[in-house]
Colleague: 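Would you mind keeping the following structure in view while I ask a few things?
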Amino acid sequence: MIVFKNYLKMTKNYIAIIMLYSAIFISFAVVQSLNQKATTSYQKEDIRIAIIDHDQSQLTSYFKEYISKNAIIENIGEDEESLKDALFFRQVDYIMIIPQSFGQDFINDQDVQISTMQIPDAYEAVYGETLMNRYLNTLQLYLKAGMDVSTASQHAIKDLSIEAVVHMESNIENNELSSVSSFYNFSNYALLSIIIVVISMIMVSFHHEPIQKRNLVSPLKTHTFQFQLILGNMSVAFGIWLIYIIISFIMYRQTMMSAYGLLYILNSLCLLIFILLFAFLLTKITDNRELISGIANVVSLGSSFLCGAFVPQAYLGQFVLNIAHFLPSYWFIKNNNEIALLTHIDYETIQPLLMNMGIILVFALLCYLITLLVSYFQRRKA
Amino acid sequence: MMRGGMTLNVIEIKNLTKSYGNVVALDQLSLEVKEGEILGLLGPNGSGKSTCINTILSLLKYDEGSISIFQKEMNPSQYEIKSQIGVVFQDVAVFEELNVLENIDYFCGLYIKDKKQRKQYIHDAVELVGLQEFLKFKPKQLSGGLLRRLNIACGIAHKPKLIFLDEPTVAVDPQSRHHILEGIKELNRLGATIVYTTHYMEEVEQLCHRIVIIDKGKVIASGTNDELKNMITLDERIGFTLEEDNEKLVDDLKKMNNVIHVHYEEKTIHVSYQGKDDHLKSLIDYLSQNHIQYHQLYSERPTLNDVFLELTGKELRD
Ligand SMILES: Nc1ncnc2c1ncn2[C@@H]1O[C@H](COP(=O)(O)OP(=O)(O)OP(=O)(O)O)[C@@H](O)[C@H]1O
Ligand SMILES: [Mg+2]
């Protein structure tokens with residue numbers, strides 16, 4: 001395993017870089033999580049919802065009663081301008097506009113909807129939406145069972161308040177969850193830059209023609225050599241990744257020891273696989289060290305900005321987000337954010353997350369295929 | 001080395017031909033390397049020395065011919081043969097990330113698995129090239145000469161039976177050059193067969209038992225230093241400086257027996273002789289008989305450059 005051992009030895013040269021990035025990273029994570037504790041620790045009671053009720057029926061008054069038990073109801077003006085202002089100035093987090101004859105249509109099981117306005121992708125908004133949907137779904141069940149509006153509504157309120165108690169407990173964790181998400185979002189930058197640089201630089205050294213010739217004239221078989229190189233790549237990438245996972249365990253033990261933690265790790269592992277294959281591809285295409293470190297910078301910084309590693313995705317423009325869809329980091333970060341929003345974890349709730357992870361892996365597969373293609377053409381040229 | 005007078009051929013190359021597109025780099029090249037010798041492959045820039053070595057090592061495909069090493073046909077999967085070969089390439093091939101010791105350890109480790117043995121071998125290689133004081137240095141911190149020495153140590157640390165060195169002294173200071181040449185002699189004394197390429201004829205004369213001169217991918221002559229020099233008509237070149245101008249002397253010398261060329265410039269005369277004879281004695285006798293005053297007399301045997309010049313009509317170097 002001389003090649004493998006040598007690979008690890010060469011990694012020593014990059015420890016300074018790894019430490020530097022990690023130091024920046026950890027200080028960022030600490031600051032971020034202090035911030036988070038100070039400002040965004042939200043209890044469900046803190047969420048402010050405005051309800052514009054054009055129906056004023058019995059059904060909607062029960063609905064408002066339910067909402068008021070789970071959030072603060074704010075009264076604001078009804079014209080479009082006031083609504084927008086209220087959202088913009090964060091007077092409310094979520095606005096529900098109930099259309100006329102909503103109650104009657106709902107009872108008749110017609111296709112009706114409460115239209116909503118919200119701060120995009122904000123936790124509070126998602127929470128408001130969850131509240132609404134849950135209530136209406138439950139209510140519908142009871143109505144279908146033949147109950148009248150009043151009984152059905154009371155049942156629904158009672159049912160959901162039982163769950164709300166359970167929900168309350170998990171809020172302690174919720175508080176930390178958004179910090180963990182920020183931590184993992186930012187790790188997009190650190191992992192991309194460190195792993196690409198370290199792996200590519202070492203691979204460039206091994207690919208350097210005179211050195212390759214030395215390896216070729218030695219009795220070491222080519223596939224043994226390749227195997228040991230790949231093993232080196234994987235170990236180093238995995239090792240660097242593990243450092244970050246361990247840091248997350250130290251900083252956010254409570255979350256990381258739960259099923260949420262497992263989801264974060266799984267998501268991050270998918271990104272790691274992508275980074276590894278991307279680094280392979282990069283060294284296939286070029287052996288210019290300056291170019292590689294340039295690309296590593298552009299890719300890590302660029303994807304972090306575009307995909308919302310530093311700034312919440314909610315604050316990014318639609319145009320930016322549209323571009324970001326073509327980057328695996330977008331799906332990685334989207335997943336981190338969505339993990340924090342999960343009220344409970346079961347197969348159904350994590351399915352969209354698994355989908356996103358699948359998308360990251362498809363990007364990885366794409367890198368691999370391009371690498372094969374490039375090698376094929378390089379061999380044909382030789 | 002010698003077995004009952006019979007010397008084994010370690011390498012046998014027959015009619016090797018290799019082109020890069022339109023450029024014919026090797027043209028029906030045949031040569032043999034005998035066990036225990038230092039063979040010098042001498043040729044000007046671009047004559048095909050590196051191409052020859054790279055094809056022998058199966059690093060390059062060739063168009064025609066055959067190559068056998070240790071009496072076996074060479075190909076890329078002859079790992080047994082490869083394990084007995086050491087190569088020092090023309091371009092320095094070391095890892096920037098590793099220090100001197102780690103570099104030698106890696107390249108030696110490709111051949112020698114046993115750690116204890118490897119440690120001993122590395123120690124010997126470091127001694128041989130004289131890098132003891134630089135073990136912890138990174139390649140970037142080494143001077144050109146030291147870097148070349150490291151390059152050599154990496155290629156030969158595993159004590160191979162057959163060693164190729166491709167211009168290992170290019171752009172090297174005299175002290176390092178001396179170290180390198182002495183090291184190569186030592187390796188040979190310890191039993192290694194050596195193929196050494198260069199375009200410095202002095203090195204070949206000093207180092208090699210046998211010399212193969214190549215030009216444009218062809219062998220144009222081969223043999224020992226003396227054999228090569230006997231191949232050409234030039235036998236001796238004598239030079240001296242006159243006290244005063246003497247055009248007549250130049251004309252007289254030109255008419256003399258065995259003189260093939262006289263060069264006269266600013267009172268200094270160079271006379272080239274052919275044929276085995278005591279040219280110096282007859283010249284001195286002639287000058288004293290004619291009372292001609294002179295100083296700075298010297299005599300030299302033909303150099304390999306003369307051999308090359310006579311065989312190809314051009315200078316070995318540029
Ligand atoms: N990869 C290549 N592609 C095309 N032509 C090449 C290539 N390598 C060498 N040549 C040509 O083949 C010929 C022999 O080159 P080679 O490098 O073997 O010579 P050399 O004797 O080692 O020269 P030097 O003393 O400069 O090292 C030269 O004309 C060179 O230009
Ligand atoms: Mg050469």
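None of these values were measured; they are calculated from a predicted model. Numbers restart at 1 for each chain; the letters A, B, ... are given by sequence-line order, proteins then strands.
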Colleague: Heavy-atom count around A/His207 NE2 within 6.0 Å, excluding the residue itself: above 12?
Modeller: yes
Colleague: Carefully, step by step, assess B/Tyr106 and A/Val3 under the rule side-chain contact (heavy atoms from CB on, under 4.5 Å).
Modeller: CA-CA 8 Å; B/Tyr106 170 67; A/Val3 179; 3.8 Å; yes
Colleague: Pull out the residues in residues 276-286 of chain A that come under 4.5 Å of chain B, heavy atom to heavy atom, sorted by number.
Modeller: none
Colleague: Can you measure from CE (A/Met201) to CD (B/Glu96) and round to the nearest 0.5 angstrom?
Modeller: 12.5 Å
Colleague: In terms of heavy-atom contacts, does NZ of B/Lys72 have more than 12 from other residues, nucleotides or ligands at under 6.0 Å?
Modeller: no
Colleague: Taking atom CD as the centre, does B/Gln132 end up with more than 12 heavy-atom neighbours from other residues, nucleotides or ligands that are less than 6.0 angstrom away?
Modeller: yes
Colleague: So which of B/Glu97, B/Glu102, B/Lys82 has the largest heavy-atom pair count under 4.5 angstrom toward chain A?
Modeller: B/Glu97
Colleague: Give, for atom CG of B/Asp91 and atom CD of A/Glu209, the distance between the pair rounded to the nearest 0.5 Å.
Modeller: 7.5 Å
Colleague: When only pairs under 4.5 Å are counted, which of B/Asp105, B/Leu98, B/Leu57 shares the most heavy-atom pairs with chain A?
Modeller: B/Leu98
Colleague: Please name the pair of heavy atoms, one in A/Lys213 and one in B/Leu59, separated by the smallest distance, quoted to 0.1 Å.
Modeller: CG-CD1, 3.9 Å
Colleague: Which residues from residues 5-24 of chain A are near chain B, with near meaning under 4.5 Å between non-hydrogen atoms?
Modeller: A/Lys5, A/Asn6, A/Lys9, A/Met10, A/Lys12, A/Asn13, A/Tyr14
Colleague: Would you say that more than 12 heavy atoms from the other residues, nucleotides or ligands in this model lie under 6.0 Å from the CZ of A/Arg253, or not?
Modeller: no
Colleague: So for B/Asn103, is it side chain, backbone, both, or neither that comes closer than 4.5 Å to the heavy atoms of chain A?
Modeller: neither
Colleague: If you count every heavy atom of other residues, nucleotides or ligands that lies below 6.0 Å from B/Tyr20 atom OH, does the total exceed 12?
Modeller: yes
Colleague: Can you establish whether the number of heavy atoms outside B/Lys140 located under 6.0 Å from its atom NZ is more than 12?
Modeller: no
Colleague: Do the non-hydrogen side-chain atoms of A/Val217 and B/Phe164 ever get within less than 4.5 Å of each other?
Modeller: no
Colleague: Considering non-hydrogen atoms only, spot the tightest contact between B/Tyr79 and A/Pro219 and give its length.
Modeller: CD2-O, 3.3 Å
Colleague: Is it the side chain or the backbone of B/Leu110 that comes within 4.5 Å of chain A heavy atoms, both, or neither?
Modeller: both
Colleague: Would you say CZ of A/Phe305 has more than 12 non-hydrogen atoms from neighbouring residues, nucleotides or ligands within 6.0 angstrom?
Modeller: no
Colleague: Working to the nearest 0.5 Å, report the span between CG of A/Asn215 and CZ of B/Phe107.
Modeller: 6.5 Å
Colleague: For A/Arg214 and B/Ala93, work out which heavy atoms get closest and say how close.
Modeller: NH1-O, 2.6 Å
Colleague: Under 4.5 Å from any heavy atom of chain B, what part of A/Phe225 do you find: side chain, backbone, both or neither?
Modeller: side chain
Colleague: Would you indicate whether A/Phe310, at its atom CZ, is surrounded by more than 12 heavy atoms from other residues, nucleotides or ligands within a distance under 6.0 Å?
Modeller: yes
